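FYI, the numbering just counts along the sequence from 1. In listed order, ligands and their atoms are each counted from 1. Values below: every heavy atom of this structure, side chains too, minus hydrogens, waters and symmetry copies. Quick caveat: nothing in here was measured; it's all calculated off a predicted structure.
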Amino acid sequence: MNTEIKPRTKNLRRRNFTLRQLTLFEAVARTGSFTRTAEELHLTQPAVSNQIKQLEDQIGTPLFEHIGRRISPTEVGRELVVFCRDISQRIDEFENLLDDIKGLHHGVLNVSVVSTAEYFSPYLLARFCSHHPGVTVNLDVTNRDAVLKQLADNAPDMAIMGVPPEGANLVSQSFMPNPLVVIAAPNHMLAGMDDVPIKRVVKERFIIREPGSGTRDAFERFLNKSGSRLQNSMEMSSNEAIKHAVMAGLGLGVVSLHTLEMELKLGRLAIVDLVDFPLERQWYLVHRQGKRFSVAAQALKNFILTEAVHVVQATLPDRRVAAKPKRLIRRSIHSSE
Ligand code: PGA
């Protein structure tokens, strides 16, 4: 008695047809036309017919019959259509599994942001994580100098900050405007004035951010360029402390418009209508050159670059405010009167 166990796939192997032929076959069965299949798959019509002919030779029976100008699958062809759809579903399942394994659905990402970005980054992460619930994102909030140091140490997957310095082996892409404005308590005399010159403002006491802050750096560069110097300033190392100090009447401050959502809504702060302001900075997504991204990190990067501007504008009190800060100046003054 012959007890040899034959492999179950023996016949398939002998037939030797390819995934490509099955894909073409499925398309012809679906469209009912060699020409339309060729157009859909960017091939020539003879290339499609040739592949189908080879498949028929392999299987040993015709797969299509002509009914008028249209072609329909034969009985064997109809069976093969079911088989093809089954294979295509299994391939999709395998691709999902691959995504899982590569970490699109699981994984831990480390993102560093400068302190001013803490006002919008959590909204971005909330939206991203709602699409990728298995991904954990750790957010480190610190100032610009500290973020640059972390990037040099290759600690975070990516960072959100103002424009990074050149020559630091970093890749950066801007994704959203970051307008810097001068704020005052609503009852401050400058809060009601139009087109205030910088020479007038520098006479006031300013509460400014700590050295190493991008906001401070941008303001100092502006002062230098305009040949002005602050006559009286105090340092505070957080935007929140600066806003509260300004509300308390300690002086004026310079902050990003992104930090002001609540205070503008409640009329607790006003924006000074300073000539040449707002300072138009940009937010950048930054990572080290040659950084190898996981699938999840790549997905987060793409999400921030394409979606951040929409997500963040939806969180501002008035979308027109972000587009035209000057309007906001007048609105917030009126609401405080
Ligand atoms: P900062 O950075 O929070 O350190 O001031 C903001 C920026 O770089 O624009």
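- Contact check on Glu240 versus Lys243 returns a salt bridge, with a Lys/Arg side-chain nitrogen under 4.0 Å from an Asp/Glu carboxylate oxygen.
- Heavy-atom proximity to Arg144, at under 4.0 Å, picks out these atoms of ligand 1: 4 (O).
- The contact set between ligand 1 and Thr116, taken as ligand atoms under 4.0 Å from a residue heavy atom, comprises 1 (P), 3 (O), 5 (O), 6 (C).
- Here Phe293 and His287 bring their ring centres to under 6.0 angstrom of each other.
- Where the criterion is an N or O separation shorter than 3.5 Å, residue side chain and backbone included, Thr215 meets it with respect to ligand 1.
- The atoms of ligand 1 that sit less than 4.0 Å from any heavy atom of Asn178 are 9 (O).
- Counting heavy atoms under 4.0 Å from ligand 1, residue Arg209 touches it through the side chain alone.
- With hydrogens and angles left out, the side-chain atoms of Thr116 and Asn239 include a donor and acceptor closer than 3.5 Å.
- In terms of N/O distances under 3.5 Å, ligand 1 is not approached by Trp283.
- The shortest N/O to N/O separation between Arg281 and ligand 1 falls below 3.5 Å.
- Contact check for Phe303 versus Arg127: side-chain heavy atoms found under the 4.5 Å cut-off.
- Checked against a 3.5 angstrom limit, the closest N/O atoms of Ser115 and ligand 1 fall inside it.
- Of the charged side-chain nitrogens involved, none lies within less than 4.0 Å of a carboxylate oxygen, so that Arg36 and Glu40 do not count as a salt-bridged pair.
- Sparse packing is recorded around CZ of Arg268, with 12 or fewer heavy atoms of other residues, nucleotides or ligands lying under 6.0 Å away.
- A salt bridge does not link Arg90 with Asp86: every distance from a Lys NZ or Arg NE/NH1/NH2 to an Asp or Glu carboxylate oxygen is 4.0 Å or more.
- The N/O atoms of Gly214, backbone and side chain alike, include one that comes under 3.5 Å of an N/O atom in ligand 1.
- Taking distance alone, with nitrogen or oxygen atoms compared against 3.5 Å, Gly162 approaches ligand 1 more closely than that limit.
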